[in-house]
Amino acid sequence: MNTNKLGAAALVAGLLLAVYGVATNSSAYQEAEAPAPTQPATSLQPITGLAPINEVIDLFQERSDAHPLDYISRTQLGAALNAQARENADLAGYAVSEAVLLDALDLNPQYTPAKLGLASALHSQHEFDRALALAAEVAEADPGQLGASALIGDANFELGNYPAARANYDDLATIERSAATVSRLARLAWVQGDRTGAVDLATEALERSGDFPQRANATAFFWFQLGHF
């Protein structure tokens, strides 16, 4: 893999990190025997938690094993496996994450976090058309889901639909100009030949990245993006 391809791959992984994080707050630990109401996303800032990812995986694996109908824990397990695959550059791990998230959706086909997690896992495997369709389904049902909007923009970007990606990212920036959104705008500027704009936006993304706690690899991404550009 040449340097340009390596850089592009790292940028994709970093941007996905901001789409669907691993929730480790107490609300994610509840056991679910019946479908729960979907909560709309209100922020693009990743809820990653700071616990070692293997501990997060062990926790939700234990909960999933103990409660076979707990689709919430199954969803969090799938998201954690996806995050681990990113951290370790383990391509096979994305397929494992996908399988777990499909299990969660079998238990509750309407559970939005599982749909978004699956879309992220598909995107990680370059299944951009499938990721786009799933994210669009979520967005149509709930236009307030910012994670779905981000995934739609990312899929459009990877498919070369740059005007559509620009519209998606501009809408996100209007709602919340976070590091995750600005870093996407920086990447779009770069591929469209606006080198100065890309550097300026990457600088802004780095500055905004300190607004919330995040994992070390997420922090490193914003430095990498700026240095790459």
Side-chain angles (χ1 to χ4, degrees), residues 1-25 28-29 44-65 71-105 113-128 130-131 134-135 147 150-151 154-155 157-158 179-180 183-184 186-187 202 205-206 209-210 212-229:
M1 181 178 290
N2 64 34
T3 303
N4 288 337
K5 289 183 179 179
L6 178 62
L11 288 177
V12 171
L15 290 172
L16 283 172
L17 191 67
V19 173
Y20 193 85
V22 181
T24 57
N25 55 17
Y29 298 162
L44 277 178
Q45 295 178 356
I47 308 173
T48 57
L50 299 179
I53 196 65
N54 60 304
E55 294 181 10
V56 178
I57 289 172
D58 289 345
L59 170 65
F60 288 113
Q61 183 68 67
E62 180 180 347
R63 290 180 179 275
S64 295
D65 292 343
Y71 60 83
I72 294 177
S73 290
R74 197 68 55 85
T75 297
Q76 297 299 332
L77 175 60
L81 289 167
N82 199 28
Q84 183 185 58
R86 285 193 298 269
E87 289 188 8
N88 297 337
D90 177 16
L91 298 182
Y94 295 127
V96 177
S97 170
E98 177 187 353
V100 172
L101 289 160
L102 284 170
D103 286 344
L105 283 173
K115 290 183 180 181
L116 292 178
L118 178 58
S120 180
L122 292 171
H123 193 288
S124 298
Q125 298 174 84
H126 290 194
E127 296 279 353
F128 303 126
R130 292 177 63 196
L134 189 54
L151 277 164
D154 292 344
F157 178 94
E158 296 299 340
S183 68
R184 287 170 163 85
R187 187 173 179 228
L206 175 60
S209 69
F212 52 88
Q214 54 192 334
R215 293 182 179 279
N217 62 313
T219 300
F221 161 73
F222 295 103
W223 288 96
F224 171 82
Q225 184 185 52
L226 177 57
H228 179 71
F229 290 163

May I ask you to test the Asp58-Glu62 pair for a side-chain heavy-atom distance under 4.5 Å?
no

The reported gap from CG in Asp65 to OG in Ser73 (rounded to nearest 0.5 angstrom) is 10.5 Å

Output all residues satisfying side chain to side chain contact (heavy atoms under 4.5 Å, CB included) with Asn88, sequence neighbours left out; order by chain, then residue number.
Gln84, Asp90

Donor-acceptor check, side chain of Arg184 to backbone of Ala180, threshold 3.5 angstrom: yes or no?
yes

Closest heavy-atom pair and its distance - Ala80, Ile57
CB-CG1, 3.6 Å

Residues pairing under salt bridge (charged side-chain N to carboxylate O under 4.0 Å, His left out) where one sits in residues 95-104, two or more places apart or in two chains, turn out to be Glu98-Arg130

With sequence neighbours left out, what residues match Ala186 under side chain to side chain contact (heavy atoms under 4.5 Å, CB included)?
Leu201, Ala202, Gln225, Phe229

With a 4.5 Å heavy-atom cut-off, do Arg63 and Gln76 have their side chains touching?
no

For the atom pair CG (Leu122) and CZ (Phe128), what is the distance rounded to the nearest 0.5 Å?
10.5 Å

Please round to the nearest 0.5 Å and tell me the distance separating atom NE2 of His123 and atom CG of Asp154.
4.5 Å

Supply the atom-to-atom distance Leu226 CG to Phe221 CZ, rounded to the nearest 0.5 angstrom.
10.5 Å

With Leu105, which residues qualify under side chain to side chain contact (heavy atoms under 4.5 Å, CB included), at least two apart?
Ala114, Lys115, Leu118

For Leu101 against Ala79, the heavy-atom pair lying closest together
CD2-N, 4.3 Å

Gly93 backbone acceptor or donor facing Ser97 side chain under 3.5 Å
no

State which residues pass side-chain hydrogen bond (donor to acceptor under 3.5 Å, both in side chains) with Asn54; sequence neighbours excluded, sorted by chain then number.
none

Shortest non-hydrogen pair, Leu151 vs Leu116, comes out as CD1-O, 3.7 Å

Side chain to side chain contact (heavy atoms under 4.5 Å, CB included) partners of Ser209, counting only residues at least two apart:
Ala179, Leu206, Gln214, Phe222

